[in-house]
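Read the structure below first, then the notes.
Residue numbers begin at 1 in each chain, while the letters A, B, ... track the order of the sequences. All values below come from the heavy atoms of this structure, side chains included, with hydrogens, waters and symmetry mates left out.
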2 protein chains.
Amino acid sequence: MPTPRSPYYAVIFSSQRTARDDGYSEMAQRMEELGSQQPGFLGIDSVRDANGRGITVSYWSDLESIRAWRDVAEHKVAQAKGRSVWYESYEIRICRVEAESAFRTSGDGAP
Amino acid sequence: MPTPRSPYYAVIFSSQRTARDDGYSEMAQRMEELGSQQPGFLGIDSVRDANGRGITVSYWSDLESIRAWRDVAEHKVAQAKGRSVWYESYEIRICRVEAESAFRTSGDGAP
């Protein structure tokens, strides 16, 4: 995701999926769509491996935006179903981003 | 990873691997081993998907420990080879963890 001027905030969501699908992909896509329309949303990075272990980091301009997104009704329904069906375990960490750096290769593969 | 009392620090390393192996797995394992022996190291979570997109989050007690790990000689060699061979792109963000919560299912699969 693009890198705004720090400080801004990150929500680190580390999770272990269950084996049950039951609408998971649709929910995940819908939550990404809905979340990205929220005030204060800056970007999202999400990776899940073949064993169902995932890390999603969403970025926000301030803590109030994170709280507001947490309390969106449709998101709360997804959170509840996450606990009852989709996730074996998860951890959520709210962080203040204090510094950042980035690296991109040039077109020819050299740094 | 276990959740210490906040505040503590997180380093979010989001990366895209190249297709080149050339010792990548050995390096990744060695860096996790070496990093976990550093003063101030608290834990690590790492996920990479089949497309080579990865997020690794390491947790530290303070910024000084993060700086010290960045400057360890063997780690600096790995960083340089990361830029020339293993990573197409990456972003590093240093964050202060301000709040956290966790969820675990009970043994019978119910929350």
Would you say the side chain of [Y] lies within less than 4.5 Å of the side chain of [X], judging by non-hydrogen atoms?
| X | Y | value |
| --- | --- | --- |
| A/F103 | B/E91 | no |
| A/I55 | B/V57 | yes |
| A/R104 | B/Y90 | no |

By residue number, those in residues 9-21 of chain A with heavy atoms under 4.5 Å from heavy atoms of chain B are A/Y9, A/A10, A/I12, A/S14
**Asked** Can the positive tip of B/R93 be found less than 6.0 Å from the middle of the six-membered ring of A/Y8, inside 45° of the ring normal?
**Response** no
Rounded to the nearest 0.5 angstrom, the CZ-SG distance for B/R96 and A/C95 is 10.5 Å
Contacts of A/D22 meeting side chain to side chain donor-acceptor pair (under 3.5 Å) (sequence neighbours excluded), chain-then-number -> none
Here the pair of heavy atoms bringing A/R48 nearest to B/D49 is O-CB, 3.3 Å
Between A/R53 and B/D45 the two heavy atoms that sit nearest each other are NH2-OD1, 3.1 Å
Given B/S89, B/G82, B/A50, the one with more heavy-atom pairs under 4.5 angstrom with chain A than any other is B/S89
CD (A/E33) with more than 12 external heavy atoms under 6.0 Å: yes
**Prompt:** Under a single-linkage definition using a 4.5 Å side-chain heavy-atom cutoff for Ile, Leu, Val, Met, Phe, Trp and Tyr, are B/V72 and B/V77 assigned to the same hydrophobic cluster?
**Reply:** no
Taken in chain and number order and not counting sequence neighbours, the residues that satisfy side chain to side chain contact (heavy atoms under 4.5 Å, CB included) with A/E32 are A/I44
Hits for salt bridge (Lys or Arg N to Asp or Glu O under 4.0 Å) against B/E88, two or more places apart or cross-chain, chain-then-number order -> none
